[in-house]
Protein chains: 2
Amino acid sequence: MEVTIKDVARRCNVAVSTVSRAINNHPDINPQTKAEIMQAIEELNYVPNNSARNLKRSDNKTIAVLVKGISNQFFNKLVTEIEKEIRTKKYTFFLQHVDEHANEVDIAVALTKEKRLRGIVFLGGYEYHTKESLSQLTVPFVTCTTSDFGNNEECVCSSYAVDDYKESYKMTEYLIRQGHKRIVLLGPMEHDESIGRRRLEGYQAALKDNHIDLDEKLIRYMAKNVVTYSMRNGYVVMQEALKEKLDFTAVFAISDLLAIGACKAIFEAGKKIPEDYAVAGFDGIDETFYYEPSITTIRQPIKELATSSMQALFRMIKSKESVPGIIFAGELIERASTNPNL
Amino acid sequence: MEVTIKDVARRCNVAVSTVSRAINNHPDINPQTKAEIMQAIEELNYVPNNSARNLKRSDNKTIAVLVKGISNQFFNKLVTEIEKEIRTKKYTFFLQHVDEHANEVDIAVALTKEKRLRGIVFLGGYEYHTKESLSQLTVPFVTCTTSDFGNNEECVCSSYAVDDYKESYKMTEYLIRQGHKRIVLLGPMEHDESIGRRRLEGYQAALKDNHIDLDEKLIRYMAKNVVTYSMRNGYVVMQEALKEKLDFTAVFAISDLLAIGACKAIFEAGKKIPEDYAVAGFDGIDETFYYEPSITTIRQPIKELATSSMQALFRMIKSKESVPGIIFAGELIERASTNPNL
DNA sequence: TTGTAAGCGTTATCAA
DNA sequence: TTGATAACGCTTACAA
């Protein structure tokens, strides 16, 4: 059997409450006694049972991170940063991937009860949830990379993301200024209501504002039955477009991984980047730099996204009041995939 | 306050034990009563408190996955598969990254007590641990991608990995047969005692068996102060080698990410792949296909690694007896980065 | 088939 | 400063 607080108490000839005081840094304890207890704990290799603690304590210090959809490099980096922040604050980090088609809020509600969460981080996911489901979320939460969940006046929450519409607009306009008029959009799933849609809208708006007629054929939705936002998806969709002999001079993919897949399809068709087709992505993952040619992209500030999300979450856990979120600026990084002079 | 089992019992005019029987699928319960209870649970939105359950139950169904060192695409894919397996079996998945320089076994021991783990999965990590520290591991564990932990007769454990030595030997020999005699090894950290070392040894052995003198200058250890096994590390080390005007015709990187970094450095130096330098990697991540040119690599069977590890772990949790591990064969995938005809 | 009650390992309250 | 003890929410003998 595992060693418990009782064993420690027995060993030191003190009551369990005294041991508890020692391990929890209570003020009213004799330093001498405490020292002895800590010594015994060391010797016995005692580690408090978390379940018992959580059962008793009101403050079960665990934070869940729910990642919606398949996790890729971008999310992984974000998660890694978040995990660090959580551990630094001595909270327990609990990660769960949630299926593309599942309702992350329902899962969060159940998880909160089951694990007595203190806070939740939502990564990715849809933007709109009903008031009813949201009001069931009794702990503070932050949405990261997705601006917010819609009707959430009653919740303690905050959100941290770039303005997907604006950044997408920025990239499209950049391509237009590079002289492109026929820009393929490697876009979201059809009927997407989330960040993918925002990016699509930014593209459309930029074209319009620059008096370029929107050609629906240039909008290529993500392939079904292929992982969303993946290299493979970009590859498949681009192959299709090339096979159709679609007329275009540039590709704007709404994620870097899609962009990489598209590049491969283009190379396999015997074309050059950027001479035949310019290619740009979105997210700013490291791969874009290392690809040959390096790929133009919008860099999302991952570190800032992670730290400010967590800062807000911890603040809300303390104050039980929502804090204002932040819209971060993305950075357009121009590289050789859209500019032969680089 | 959260709704508890008592609330459900009260609502149904039954005892808590009856409710417990209902939620735990005990046979001795009136189906009618059970139905009513389930109905009430639904209505009250009741979710059992995990901590209380775990405290009472002997079988706290959680499995921890410890990832050593920074996590990259390769590990992420593996972890995702493992998470799926764990959830399928209705276990709780608990992920923790452990620092490159920390002792993962010590962490596992503490975690086991704290969270009452039923099993552990070690990903990456060093190969040798002392008998004493290992004997403290009271729950079954599997090591995945690292052959084993050395002295572990007393543990309930198993291991799943490719033979790093052999696969590395295979790749080196392949490059030799392609006509290369001066092959740069983008190798492990200096003093590495883990898989990196195995791969280095495989390289050395292949050269020797093919009567090629080993030139120490061709062995490039990983850069310190840069994330290990990362694109950046390969990039930096390759830049260095090129600046030295090192004489070589091929590069064998002991990870795909290193290989990609190396490719970039080569391109930036104005050289061609594979015409000037052939490049090969190790692991078989998707990026190697999408890179231009596609990169020759050794594919590790991620899916099989994950499923067989977990199968073994579950079996050991049941039987409390070690099961034999498996050494998987890697697959050499020849691509354009080493063969201009592809 | 159901209810009663003990106990899992902690922390917190109260009294000493 | 310390100790005894109730309680946290659940499972499980055992009794009914």
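Within every chain, numbering begins at 1; the chains are lettered A, B, ... in the order of the sequence lines, protein sequences first and strands thereafter.
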Polar pair under 3.5 Å, donor/acceptor by atom type, side chain [X], base [N]:
X       : N     : value
B:Lys56 : D:dG9 : no
B:Ser17 : C:dT4 : yes
A:Thr18 : D:dG3 : no

Short side-chain N/O contact to [N] OP1/OP2 from [X], under 4.0 Å:
X        : N      : result
A:His26  : D:dT1  : no
B:Arg116 : C:dC8  : no
A:Ser20  : C:dT10 : no
A:Arg21  : D:dT2  : no
A:Asn49  : C:dC8  : no

Quick one: sort the A:Phe328 and A:Tyr160 rings into parallel, tilted or perpendicular, breaks at 30° and 60°. tilted
Can you confirm whether the side chains of A:Gln300 and A:Thr145 place a donor and an acceptor under 3.5 Å from each other? no
Result for 5'-nearest mapping on DNA chain D, choosing between A:Asn30 and A:Val16, is A:Asn30
Closest non-hydrogen contact found for B:Leu117 with B:Val139 is O-CG1, 3.3 Å
